J.: 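This is the structure, below, for whatever I ask next.
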Amino acid sequence: MSSTTASDLEFVVRTIAQTAVDNEREFSELDAVVGDGDFGFSLARGFEIVIADWDSFDRSSPSTFLKKIALVISKRVGGTSGPLWGTAFLRAAGALGDKTELTAEDAVAVLRAAAEGIKARGRSDLGDKTLLDALIPMTDALEKEIHAGDDPANTSAGLARIAATAARTAADATSTMQAMRGRPSYTGERSIGSPDAGAVAIAVMAERIADEWAARG
Amino acid sequence: MSSTTASDLEFVVRTIAQTAVDNEREFSELDAVVGDGDFGFSLARGFEIVIADWDSFDRSSPSTFLKKIALVISKRVGGTSGPLWGTAFLRAAGALGDKTELTAEDAVAVLRAAAEGIKARGRSDLGDKTLLDALIPMTDALEKEIHAGDDPANTSAGLARIAATAARTAADATSTMQAMRGRPSYTGERSIGSPDAGAVAIAVMAERIADEWAARG
Amino acid sequence: MKKFVNDPKDFVPEMLEGLALANPDTLRYVPEYNLIMRADAPMTDKVSIVQGSGSGHEPAHVMSVGKGMLDAACPGDIFAAPPTDYVYETVKMVASPKGVLLLVNNYTGDRMAFEMAQELSEADGVTVRTLFIDDDVSVQDSTYTVGRRGVAGNFFVMKAVGAAAERGADLDEVYRIGEKVNSVTRTMGMALTACTPPAKGSPLFDLPDDEIEMGVGIHGEPGRRREKLRPAKEMVHELVNAVVEDLPFTSGDGVALMVNGLGGTPLSELYLVYGLAHKELAGRGIEVRRSYVGEYCTSLDMAGASITLVKLDDEITDLLEAPAEIPARVF
Amino acid sequence: MKKFVNDPKDFVPEMLEGLALANPDTLRYVPEYNLIMRADAPMTDKVSIVQGSGSGHEPAHVMSVGKGMLDAACPGDIFAAPPTDYVYETVKMVASPKGVLLLVNNYTGDRMAFEMAQELSEADGVTVRTLFIDDDVSVQDSTYTVGRRGVAGNFFVMKAVGAAAERGADLDEVYRIGEKVNSVTRTMGMALTACTPPAKGSPLFDLPDDEIEMGVGIHGEPGRRREKLRPAKEMVHELVNAVVEDLPFTSGDGVALMVNGLGGTPLSELYLVYGLAHKELAGRGIEVRRSYVGEYCTSLDMAGASITLVKLDDEITDLLEAPAEIPARVF
Ligand SMILES: Nc1ncnc2c1ncn2[C@@H]1O[C@H](COP(=O)(O)OP(=O)(O)O)[C@@H](O)[C@H]1O
Ligand SMILES: Nc1ncnc2c1ncn2[C@@H]1O[C@H](COP(=O)(O)OP(=O)(O)O)[C@@H](O)[C@H]1O
Ligand SMILES: [Mg+2]
Ligand SMILES: [Mg+2]
Ligand SMILES: [Mg+2]
Ligand SMILES: [Mg+2]
């Protein structure tokens, strides 16, 4: 079974950041449908600082590194996304303790911790039509694949692809859901018919990670 | 030579009033091109009162009758048109003195007096791209035709048609002129290319008078 | 057209009724003449100040009636000067033994209506003077036009003469002050979008999505020229330039700076414009001593703004600082 | 998009800079945290009042900073709650020994940011209370949403707690007053057009030429339903009805009535709406004792309006009447 190294972690975070910056307009458009159109703007303002300050982050451990990211997000990202994504990165950092080498199981633990943080902060759960509805199914698919044993596809890149596919399917499926949390919930039934912006963002990030992981070879 | 009776005068005034009310929107649209789009609204607010109060006007003489019209216009019509059209009707009344029967020559005198009133009030003249550029050529054509003698076309209805044709030609020709007075003059050369709203209104009124005079037989 | 409107013919009367209902103690509405007046006018010991013009410029001028500013405003229909008769009746209602000052934005129709009303009032024995306001630098004076237009700068004239009258100045003195303020006030505006008169129901002119009208009039009259939409700082630079060079305002001058919204532009943008204009002036050594940001003279729902500068001296500053109690905010 | 804007990312900071330049004696701008604060804050003998929320609602809340209202406002980007850190730093800067009251419009993001900031501040030893404002009757409370939204009615809460704090009330008393005002304040709004966030560059939603959004949120969130544009009196009837029946307001009540413009609707229309609403209330035996017409809480350049009613008693009336010195007009 492949292991996720610290440099893999940096690659993933960096790709998330770059995806947020590159998709600023698209993510805002998604949020405009039944929200207020600022989701892409909010994320991009934080993640562009992540990229700008990239070299300066303390990398003494994977956990410290993630904590730094959490801090940048909390400092600069506003809206609902600021507290949610800040909490997610903070809890992810906490899940790693003082580990220096990371395994695929650690990746699952990190994602679970992030999801639990979002649930607690947002008083939300699976089925409320939020980013959790992409994040949790993606984590489930990843975990299932790891437990399935040493399938030849079971490389880091292969796992990334499986996660991405699961995230996309789940994000698309949010279209049929009615929003129970966040701004779209004000519209009641009118939230049905379009996917959740946060869930789609998770899918786009996971797909980009899978694409580039494959390219890394 | 035909004579213009008091009932002809009432017919003409009534037709002017009805034309103003019926063309409220069109006249405003014309004024919107390089003006402020209220010309039709302003005229209609006055002439609708002329129609509503029609039966109550003092008709002891043609002059008294025109003076009453002038008063209604002055009371209710705002913008540049209020003082101009009010003055025009007042001067027209003055030109009639205590006449009770009116001739075609009297019609010319009335139109001349109206034009002179507008010139004085508006400090304007032929060539400034205003309603004068339809009113004066129309009056000239009428006068010329009367002096041409007893042409068989020289009935009241025939004269009305000649006046209407002249007014229309002249109004259309204002398109190539640059406005020297009134709001369109602020735009300088940009006033070239569209006809003057006031001039077109004169033409539309004259045409309707000619049409209905013919119908009266 | 998307507006709060019932029958467009009732737009102005219904607005004025709302204004009166919102200010029951201080204002009186006279429907026959579209007249809004101070409930306590006329005062026998004070020159009465009247401003009239078309409607559609709110808060100008009906929302400037009150202690320390206007005794009455007599608006016409949307963008139409009031009928002579309304002006004449208004003067009658606020006629004071100390006289009446008529403030008129300089347009053909307004000039005619007010000049005729002045004549009629004088024949009744009322002392009347009429002051024409012409602060707009967009339209250059020339032999053939009626001259520059009166736009947002009229606010400063109203404020100054209102304060002077409240302090008991006589008619000649009030007139002198008004003329002086007008002579040091300059304005330039621009439109991002056209406005829609309620009775017309569609925009007054077509302005493509990427174009603006530089030097627009407050009745939607075309301005100096059409040009491409540009970043705010470039457009503000052009507006400030036109105003500064006209008087001209020079290094060392102390000024009042007004950023006036034309009706459809929110305060957020107006304050952004204010900051840019303030810095433009600072860069030229012109010191902003008083600032005004908001809507003072609008053009219905037009998106756009104008910039006004007033060159201050002690007398003008003192009059602008004086209190006033009107529906619209002034300080 | 047709706006006065340079780089959209700079829209909020440039607006705040303009605000500070226009009020050099009374306001201070702290760019690091988007913070606008009273130049003389914190006062050791007064509870400090802070309101934060997204930008795009001007004059709320940055233009309500001043004596008698807010000690500071910390806006986020357009329509985005401020980052927790900005709120935390703001509290630090205005922390008073008498405590700090945070006023928060009730939205998920704002709640989170302010709750986290309160925890951080309390850990530093500052006494903080947080009041959530939720006057919007459009959104019905339910088990799954975060509850009603805070909209234009926040003005009355700010005004009342600001006055009470200025008079020396302690934190619990100020909180009690804020909660009381919020409990008798109800608002309902509607949009004629969508708004255009500068960074998005296009309208936030599509609203056909003959449709309105009834019950719209101040961030352009869809409301109760789409419906056809109708004469003003019918739409105003619906708005008044929704507000009156919610509390409910009943015959004999004395109220403050606010007609708030959403940014793109001119004063002329707002006064027309005011008149209609006033008469609707009179017809139900509800007496308007104080009136507010203008822009108090906007949604960028959205055309539309909201109607707010506050049920008055002597205590609330007294606090609303108290003077305040802020960039935006309040009386
Ligand atoms: N209570 C919540 N729990 C989890 N996720 C949420 C919650 N509320 C909103 N979200 C997510 O955040 C996204 C919107 O983020 P953002 O635009 O920053 O929020 P807003 O503008 O409403 O404050 C939604 O698409 C959804 O995925
Ligand atoms: N000084 C003038 N002399 C004669 N006619 C004029 C003058 N100014 C304007 N007009 C006429 O009046 C028409 C516009 O009338 P109106 O819309 O009521 O004026 P405004 O809205 O500019 O006050 C013009 O089309 C023109 O024919
Ligand atoms: Mg959002
Ligand atoms: Mg006109
Ligand atoms: Mg006009
Ligand atoms: Mg938001």
Side-chain angles (χ1 to χ4, degrees), chain C residues 1-7 11-12 14-23 55-56 58-59 63 78 192-193 207 209-210 212 229 231-233 235-236 257 259 263-279 288 291-295 298 300-301 303 305 327-329, chain D residues 1-7 11-12 14-23 55-56 58-59 63 78 192-193 207 209-210 212 229 231-233 235-236 257 259 263-279 288 291-295 298 300-301 303 305 327-329:
Chain C
M1 173 179 57
K2 301 183 89 174
K3 284 189 180 299
F4 291 101
V5 59
N6 297 306
D7 183 337
F11 186 82
V12 172
E14 289 184 347
M15 166 185 82
L16 297 179
E17 190 179 3
L19 177 60
L21 284 170
N23 298 276
S55 287
E58 295 68 27
M63 291 148 204
I78 297 293
L192 297 173
T193 67
L207 202 48
D209 260 4
D210 61 342
I212 61 155
L229 179 68
K233 55 173 158 275
M235 299 188 294
V236 171
L257 166 58
V259 173
T265 287
L267 271 174
S268 48
E269 293 177 52
L270 297 180
Y271 272 99
L272 185 148
V273 167
Y274 179 86
L276 298 171
H278 187 111
K279 288 190 280 183
V288 178
S291 54
Y292 299 78
V293 187
E295 294 181 347
T298 59
L300 291 170
D301 54 354
R329 170 179 178 251
Chain D
M1 172 180 58
K2 301 183 89 172
K3 284 189 180 298
F4 292 101
V5 59
N6 296 306
D7 183 336
F11 186 82
V12 172
E14 289 184 347
M15 166 186 81
L16 298 179
E17 190 179 3
L19 177 60
L21 284 169
N23 299 275
S55 286
E58 295 68 27
M63 290 148 205
I78 297 292
L192 296 172
T193 67
L207 202 48
D209 261 3
D210 61 342
I212 61 155
L229 179 68
K233 55 173 159 275
M235 298 189 294
V236 171
L257 166 59
V259 172
T265 288
L267 271 175
S268 48
E269 294 178 50
L270 297 180
Y271 273 99
L272 184 149
V273 168
Y274 179 85
L276 298 171
H278 187 111
K279 288 190 279 184
V288 178
S291 54
Y292 299 77
V293 187
E295 294 182 347
T298 59
L300 292 169
D301 55 353
R329 169 179 178 253

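Being a predicted model, the structure only gives us computed values, none of them experimental. The sequence lines fix the lettering, A, B, ..., with proteins before strands; numbering per chain opens at 1.
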J.: What distance separates D:Glu14 CD from C:Lys279 NZ, expressed to the nearest 0.5 Å?
T.: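 Here the rounded value is 6.5 Å.
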J.: Rounded to the nearest 0.5 Å, how far does CG of C:Leu257 lie from CG of D:Leu21?
T.: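 Here the rounded value is 10.0 Å.
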J.: Do the non-hydrogen side-chain atoms of D:Tyr271 and C:Glu17 ever get within less than 4.5 Å of each other?
T.: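 Answer no - side chains too far apart.
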J.: Taking every non-hydrogen pair under 4.5 Å, which of D:Gly294, D:Ser55, D:Pro266 racks up the most with chain C?
T.: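 Looking at each option in turn, the highest pair count goes to D:Pro266.
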J.: So what's closer than 4.5 Å to chain C heavy atoms on D:Val273: side chain, backbone, both or neither?
T.: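 Side chain only.
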J.: Counting only non-hydrogen atoms closer than 4.5 Å, does D:Leu192 touch chain C with its backbone (N, CA, C, O), its side chain (CB onward), both, or neither?
T.: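 Both parts, backbone and side chain.
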J.: Hey, could you give me the CG/CG distance between D:Leu267 and C:Leu300, rounded to the nearest 0.5 Å?
T.: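 Those atoms lie 11.5 Å apart.
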J.: Does any backbone or side-chain atom of D:Thr265 lie under 4.5 Å from a heavy atom of chain C? Answer side chain, backbone, both or neither.
T.: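 Both parts, heavy atoms under 4.5 Å.
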J.: So which of C:Gly18, C:Ala305, C:Ala232 has the biggest tally of heavy-atom pairs under 4.5 Å with chain D?
T.: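 Most heavy-atom pairs within the cutoff with chain D belong to C:Ala232.
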J.: Between chain C and each of D:Thr193, D:Asp209, D:Thr298, D:Leu229, count heavy-atom pairs under 4.5 Å; write down the option with the most.
T.: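 If we count pairs closer than 4.5 Å to chain C, D:Asp209 comes out on top.
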J.: Contact between C:Phe11 and D:Glu269 at the side-chain level, heavy atoms closer than 4.5 Å - yes or no?
T.: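 With C-beta onward as the side chain, the pair touches.
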J.: Nearest 0.5 Å, please: how far is CG in C:Leu272 from CG in D:Leu16?
T.: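 Result: 10.0 Å between the selected atoms.
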J.: Can you measure from CG (C:Leu270) to CD (D:Glu58) and round to the nearest 0.5 angstrom?
T.: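 If we round to the nearest 0.5 Å, C:Leu270:CG and D:Glu58:CD are 10.5 Å apart.
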J.: What residues, two or more places apart in sequence or in another chain, satisfy side chain to side chain contact (heavy atoms under 4.5 Å, CB included) together with D:Lys233?
T.: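 Here the qualifying residues are C:Asn6, D:Leu276.
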J.: What distance separates C:Ile78 CD1 from D:Ser268 OG, expressed to the nearest 0.5 Å?
T.: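 With rounding to 0.5 Å, CD1 (C:Ile78) is 6.0 Å from OG (D:Ser268).
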J.: Check side-chain hydrogen bond (donor to acceptor under 3.5 Å, both in side chains) between C:Asp7 and all other residues, then give those that pass, not counting sequence neighbours.
T.: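 Not a single residue meets the side-chain hydrogen bond (donor to acceptor under 3.5 Å, both in side chains) criterion with C:Asp7.
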J.: What part of D:Ala277 gets within 4.5 angstrom of chain C, counting heavy atoms only: side chain, backbone, both, or neither?
T.: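 Neither; nothing under 4.5 Å.
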